[in-house]
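Indexing begins at 1, ligand by ligand and atom by atom, following the structure's order.
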Amino acid sequence: MKSLSPTPEGLDQAAALLRAGELVAVPTETVYGLAADATQPDAVAAIFRAKNRPADHPLIVHLPGLEQLNEWAARVPDCAWPVIERFWPGPLTLVVPASPKVPAIVNAGQNTVALRWSSHPLLQALLDRLQRPVAAPSANPFCRISPTTADHVRAHMEGRIAAVVDGGPCAVGIESTILDLSGARPAILRPGAITAAMLAPYLDLAEAAAPDAPRVPGNLASHYAPRQPCYRLEAAEAAAAAAAAESAHEAGWQHAAVLAIEPPAARCGWFKRMPPTPEGYAQTLYSALHEADVSGCLTVWIVLPPDEVAWRAVRDRLQRAAQPLDGHVLNFV
Ligand code: AMP
Ligand code: MG
């Protein structure tokens with residue numbers, strides 16, 4: 001794949017490739033996206049092949065601005081406007097009734113479409129050139145770790161896509177919040193940087209995820225996962241688990257990678273100290289998982305951050321990346 005510089009020339013080339021129906025990975029404020037011209041069904045079909053993504057998982061459409069909102073949404077519910085005004089452009093995706101213009105391959109033939117207007121200046125400049133939206137899921141193979149740098153994209157998508165625009169590390173680090181505005185009451189389908197507490201003053205949010213939440217692939221139980229066996233545990237269990245793992249199989253423990261806010265009680269093979277705030281943690285989460293993936297360790301252990309609402313989006317991703325530790329201590333090599 002070509003590496004395109006974040007310059008006017010690089011963006012011209014990216015726009016030309018997209019117009020020609022090619023796939024280009026682009027930075028957003030959340031994670032790198034794998035973009036295709038949303039008006040070309042064949043180009044969008046190539047996204048599913050490049051990612052090995054099942055065709056029934058709909059894609060997010062990234063708008064060049066508010067002007068095209070009414071072309072891609074059949075109807076924008078009144079309750080959307082205060083949210084749009086406050087949080088767009090930004091890491092928030094809105095699910096609304098789809099206009100007939102949305103190619104069926106983009107939204108898996110559903111009657112709704114997921115729309116986003118990214119705040120990333122490079123993606124905005126690219127969409128300005130293109131003058132139409134791109135469909136873009138995360139630029140990683142289906143169910144693997146999402147990319148937050150151009151290097152992550154190159155490592156996992158080499159030979160499968162035309163180019164990547166290198167915009168440096170993503171600021172948010174985890175996928176957008178998905179807010180469903182197509183049902184009786186607004187509901188969060190996927191937690192993200194824009195939290196329920198931030199949205200609550202602007203609309204009447206339903207408590208739990210809508211019953212059709214499985215349409216969101218990020219809701220599969222296993223997602224965002226490293227290649228090695230990956231276990232999760234609560235901080236309160238960490239000291240006992242590390243001691244038990246070390247005494248059960250010392251050599252195995254010495255090949256364990258640990259991600260935690262505090263260092264583990266027993267010395268392990270590789271340790272990544274994670275930031276103590278939800279924003280900081282989210283920003284480095286996928287990079288840390290990518291590092292653990294290539295660290296040479298045989299297992300990955302994640303000590304979860306506190307079970308508090310502020311950590312909801314981070315814990316959601318970690319719970320999908322890792323299985324519960326229970327019962328695995330003695331056979332972790
Ligand atoms: P990703 O593949 O990580 O970029 O995720 C794109 C997200 O948008 C997925 O979770 C999709 O299921 C979700 N999405 C796209 N369209 C819709 C829709 N019409 N209804 C619900 N979720 C959607
Ligand atoms: Mg994804």
Check for a donor-acceptor pair, side chain of Glu71 on one end and backbone N or O of Lys101 on the other, with a separation under 3.5 Å. no
In terms of its nearest heavy atom to atom 2 (O) of ligand 1, the top option of His57, Arg116, Arg53 is Arg53
Within 2.8 Å of the Mg ion (ligand 2), is there any N, O or S atom belonging to Asn140? no
Pull out every atom of ligand 1 sitting under 4.0 Å from any heavy atom of Ala114, numbered as shown with elements. 14 (N), 15 (C), 16 (N), 17 (C)
Are Phe48 and Phe142 close enough, and set up right, to give a ring pair (Phe, Tyr, Trp, His ring centres under 6.0 Å), and what steps lead you there? CA-CA 9 Å; Phe48 290 87; Phe142 188 58; 9.6 Å; no
Should you measure from each heavy atom of Leu189, which atoms of ligand 1 turn up under 4.0 Å away? 21 (C)
Just which atoms of ligand 1 are under 4.0 Å from any heavy atom in Thr112? 18 (C), 19 (N), 20 (N)
Is there side-chain contact between Leu92 and Ser176, with heavy atoms separated by less than 4.5 Å? no
Does some side-chain heavy atom of Ile145 sit less than 4.5 Å from a side-chain heavy atom of Asp293? yes
So, Asp316 and Arg312, do they make that salt bridge, N to O below 4.0 Å? no
Within reach of ligand 1, part of Asn107 (heavy-atom separation under 4.0 Å): neither
Can an N or O of Ser138 be found at a distance shorter than 3.5 Å from an N or O of ligand 1? yes
Per-atom filter on ligand 1: closer than 4.0 angstrom to a heavy atom of Ile60 are 6 (C), 7 (C), 8 (O)
Glu175-ligand 1 polar pair, N/O distance under 3.5 Å: no
Report the part of Asp180 (side chain from C-beta onward, or backbone N, CA, C, O) that has a heavy atom under 4.0 Å from ligand 1; answer both or neither where that applies. neither
Within the structure provided, determine whether Lys51 and Asn140 are in side-chain contact (heavy-atom separation under 4.5 Å). yes
Is there a side-chain contact between His152 and Met157 in this structure, where contact means two heavy atoms from C-beta onward sitting under 4.5 Å apart? no
Do the charged groups of Asp37 and Arg19 touch, with an N to O distance under 4.0 Å? no
What part of Ile178, side chain, backbone, both or neither, has a heavy atom within less than 4.0 angstrom of ligand 1? side chain
